[in-house]
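Take a look at the following structure, please.
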Number of protein chains: 2
Amino acid sequence: MTGATDITASDQTRARLLDAARGVFAQHGFQGATIREICRRAEANVAAVNYHFGSKDGLLAEALNFAPLKALQQANARAGDCPELRLRLFIRDFMLMLLDENNASTQCRIMARELADPTPALDQIVREAIAPLHEFLGELVREIAEKKTGEAELRRCVLSIFGQCLFYRHSHPVLQRLHPEMRYDDREIEAIARHIAEFSLAGIRHSAGAAR
Amino acid sequence: MTGATDITASDQTRARLLDAARGVFAQHGFQGATIREICRRAEANVAAVNYHFGSKDGLLAEALNFAPLKALQQANARAGDCPELRLRLFIRDFMLMLLDENNASTQCRIMARELADPTPALDQIVREAIAPLHEFLGELVREIAEKKTGEAELRRCVLSIFGQCLFYRHSHPVLQRLHPEMRYDDREIEAIARHIAEFSLAGIRHSAGAAR
DNA sequence: AAGCGTATCAAACACCTGTTTGAAATACAA
DNA sequence: TTGTATTTCAAACAGGTGTTTGATACGCTT
C-alpha cells in the first residue's frame with residue numbers, strides 16, 4: 001500500500017539531512033557550512049542534498065522552522081494581563097532559546113547567524129519571523145509605556161531589548177575570551193535574562209516618563 | 001640618500017593595499033573578503049599581498065588599527081568629571097564610529113564583523129581593543145552606580161550597553177528590511193545615541209537602587 | 001653604463017566549493 | 001519474476017580560493 005504517511009528510506013535520509021543541516025548551519029553559518037560536512041554528519045552522499053533539496057539554498061529554506069518562535073509568542077500571550085511580567089517571561093524564554101545548549105531548537109541560532117550577512121533566505125526570515133517578533137514586542141512595550149512614548153522612541157526600545165539579548169549569542173566568541181570562567185548554564189541564563197528584563201523595564205519607564 | 005623616512009614605490013603599494021583591505025574587510029568580513037578584490041581595488045597584482053604581508057592573515061593583522069578607539073577613550077577621560085555626561089558622550093562618539101558612512105575609521109566596523117566568527121586575529125583584537133574598552137566602560141558605570149552594584153551585575157550593565165550599540169551595526173541588513181525608510185544620517189545617529197544613553201542610564205540607576 | 005637587490009607581473013599550483021553525471025543498487029507494482 | 005521508477009553512489013566538473021613561481025622591469029648605488 002502507498003499511503004501518504006509512509007516513512008520511506010528516502011524520507012529518512014531527508015530527515016537526517018535536515019537535522020544535520022540545522023546543526024551545521026547553527027554552528028558555522030550558511031556561508032561557512034559545507035555540503036560535504038552536512039552529508040558526512042547525515043551519513044549520506046554529497047549528491048543527496050541536491051537530489052532532495054535542489055541546492056544548498058533549498059536546504060536552508062527547508063531547514064528553517066519558525067514554529068518555536070511562534071509558540072513562544074502564543075504562550076506569552078496566554079501568560080496573563082500584566083505586561084511587565086510578560087516581558088520578563090518573554091526575555092527568559094527567548095534567552096533560553098538562544099543560549100541553552102540543551103535546547104533542541106537550533107532555529108533561533110541559525111537565524112541569529114544570518115542577521116549579519118544576508119543570505120537568499122533573509123527576506124523570508126525577516127518577513128515570517130523577525131517582523132512579527134518585533135511587532136509583538138512593540139505591543140508589549142507600548143502597554144508598559146502606557147502610550148506615553150512616541151513611535152520612533154518605542155521602536156528604539158524594542159531594538160534595545162533585542163540588541164541586549166542577541167549580543168550574548170552573537171558575541172559569544174568574544175565573551176568567552178573576556179570572561180573565560182563564565183558558562184551558559186541554566187542559572188547563568190536566568191540571571192542574564194533577569195538583568196536584561198529589569199534593565200529594560202527601567203529604560204522603558206524612563207522613556208515614558210520623559211514625555212515628549 | 002637612504003633616509004628611514006623615504007617613501008618608496010613599494011611603500012605606496014603597501015599603503016594602497018592596506019587601504020583597500022580595510023574597505024573590503026569592513027564590507028565583507030575576513031572570510032568573505034578575497035585577495036583578488038583587494039588587489040583589484042589597490043590596482044596591484046594578486047601576488048602583492050603575499051609579497052608584502054606574507055599572507056591574508058598578515059594583511060589583516062597590519063590592517064587593524066586600534067588608535068581611533070584609544071583616542072576615543074582618552075578624549076572621553078578628559079571630558080570632565082560628570083560620569084553621566086561622559087557616558088552620553090562616549091555612546092555618541094562610539095555610534096558615530098560604528099554607523100557614520102563618512103567616518104574614515106573603518107576600524108570599528110572591521111572588528112565588529114569579527115565578533116561573530118573568530119579569525120586568527122580575534123585574540124589580538126580582544127586583548128588590545130575590546131578588553132580595555134570594557135574595562136573603561138566598567139569604570140564609568142561603576143561611578144554612575146556609586147558602588148551600589150555587585151561586580152557581576154555591573155558587568156552585565158556594560159554588556160547591555162555594548163549590545164545595544166553593536167546591534168545597529170551588526171543587524172543592519174535586517175533593520176534595513178524592517179524599516180526601509182530609516183537612514184543612518186547624522187540626525188538619526190544622534191537620536192539613536194541619545195536613546196541608548198538615556199535607556200542605559202535608567203537601567204544602571206535601577207540596578208544601583210535595587211541594592212543586593 | 002654596469003651591477004645588484006627589490007618589486008611587479010602573468011601564470012600556474014593545490015585545494016576547496018556547490019553541482020552534475022551516469023551507472024549501480026534498491027524499492028515497488030504488475 | 002520481471003519491469004519500472006526511485007534512490008544512492010563514486011567520480012568528475014566548473015569555478016573560486018590563498019599561495020607560489022620564475023621571469024621581467026624597476027630603482028639605486030657604484
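In what follows, every chain begins at residue 1, and chains take the letters A, B, ... in the order their sequences are listed. Side chains are part of it too, since the values below use all heavy atoms of this structure and drop only hydrogens, waters and symmetry mates.
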Please work out which residues in residues 19-48 of chain A have a non-hydrogen atom less than 4.0 Å from an atom of DNA chain D and list them by number.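 Of all residues in residues 19-48 of chain A, the ones placing a heavy atom under 4.0 Å from DNA chain D are A/Arg36, A/Asn45, A/Ala47.
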
Specify the separation, in whole Å, of atom OH of B/Tyr51 and atom P of C/dA7.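 Rounding to the nearest Å, OH of B/Tyr51 and P of C/dA7 are 3 Å apart.
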
Salt bridge or not for A/Glu101 and A/Arg183, using N-O below 4.0 Å?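 A/Arg183 and A/Glu101: not salt-bridged.
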
Choosing from C/dT19, D/dT19, D/dT7, which nucleotide comes nearest the side chain of B/Ser55?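 When the side chain of B/Ser55 is considered, D/dT19 is the closest of C/dT19, D/dT19, D/dT7.
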
With sequence neighbours left out, what residues match A/Leu154 under side chain to side chain contact (heavy atoms under 4.5 Å, CB included)?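 Listed in chain order: A/Val141, A/Arg142, A/Thr149.
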
Rounding to a whole Å, what distance do you find between B/Asp11:CG and C/dA7:P?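 Atom-to-atom, B/Asp11 to C/dA7, this comes out as 8 Å.
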
Please determine whether a side-chain nitrogen or oxygen atom of B/Thr13 lies at a distance below 4.0 Å from atom OP1 or OP2 of C/dT8.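 Answer yes for this pair, as a side-chain N or O of B/Thr13 is under 4.0 Å from OP1 or OP2.
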
Does anything in residues 41-51 of chain A form a salt bridge (Lys or Arg N to Asp or Glu O under 4.0 Å)? List the pairs, not counting sequence neighbours.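 Every pair satisfying salt bridge (Lys or Arg N to Asp or Glu O under 4.0 Å) with a residue in residues 41-51 of chain A: A/Glu37-A/Arg41.
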
To the nearest angstrom, how far is A/Asn50 atom CG from D/dA14 atom C1'?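 Going from CG in A/Asn50 over to C1' in D/dA14 covers 14 Å.
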
Residues 55-66 of chain A, side-chain donor-acceptor partners within the protein, below 3.5 Å, at least two apart:
| residue | atom | partner | partner atom | Å |
| --- | --- | --- | --- | --- |
| A/Ser55 | OG | A/Asp57 | N | 3.4 |
| A/Ser55 | OG | A/Gly58 | N | 3.1 |
| A/Lys56 | NZ | A/Phe30 | O | 2.8 |
| A/Lys56 | NZ | A/Ala33 | O | 2.8 |
| A/Glu62 | OE1 | A/Arg14 | NH2 | 2.8 |
| A/Glu62 | OE2 | A/Arg14 | NH2 | 3.4 |
| A/Asn65 | OD1 | A/Ala67 | N | 3.0 |

B/His52 side chain N/O closer than 4.0 Å to the phosphate oxygens (OP1, OP2) of C/dT8?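 True: B/His52 side-chain N/O within range (under 4.0 Å) of C/dT8 OP1/OP2.
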
Just how far, in rounded Å, is P of C/dC9 from CG of B/Leu17?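 Rounding to the nearest Å, CG of B/Leu17 and P of C/dC9 are 10 Å apart.
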
What integer distance in Å separates A/Arg14:CZ from D/dT6:P?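 It is 15 Å, rounded to the nearest whole Å.
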
Please report the distance, rounded to the nearest Å, between CG in B/Asp57 and C1' in D/dT17.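 B/Asp57 atom CG is separated from D/dT17 atom C1' by 14 Å.
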
For residues 158-170 of chain A, dump all side-chain donor-acceptor pairs below 3.5 Å to protein atoms at least two apart in sequence or in another chain.
| residue | atom | partner | partner atom | Å |
| --- | --- | --- | --- | --- |
| A/Ser160 | OG | A/Arg156 | O | 3.2 |
| A/Ser160 | OG | B/Gln164 | OE1 | 2.7 |
| A/Ser160 | OG | B/His195 | NE2 | 2.7 |
| A/Gln164 | OE1 | B/Ser160 | OG | 2.7 |
| A/Gln164 | NE2 | A/Ser160 | O | 3.3 |
| A/Gln164 | NE2 | A/Ser200 | OG | 3.1 |
| A/Arg169 | NE | A/Leu98 | O | 2.8 |
| A/Arg169 | NH2 | A/Leu98 | O | 3.2 |
| A/His170 | NE2 | B/His170 | NE2 | 2.9 |

B/His172: which residues meet the ring-ring contact (aromatic ring centres under 6.0 Å, His included) condition with it, sequence neighbours left out?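 With sequence neighbours excluded, B/His172 shows a ring-ring contact (aromatic ring centres under 6.0 Å, His included) to B/Tyr184, given in chain and number order.
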
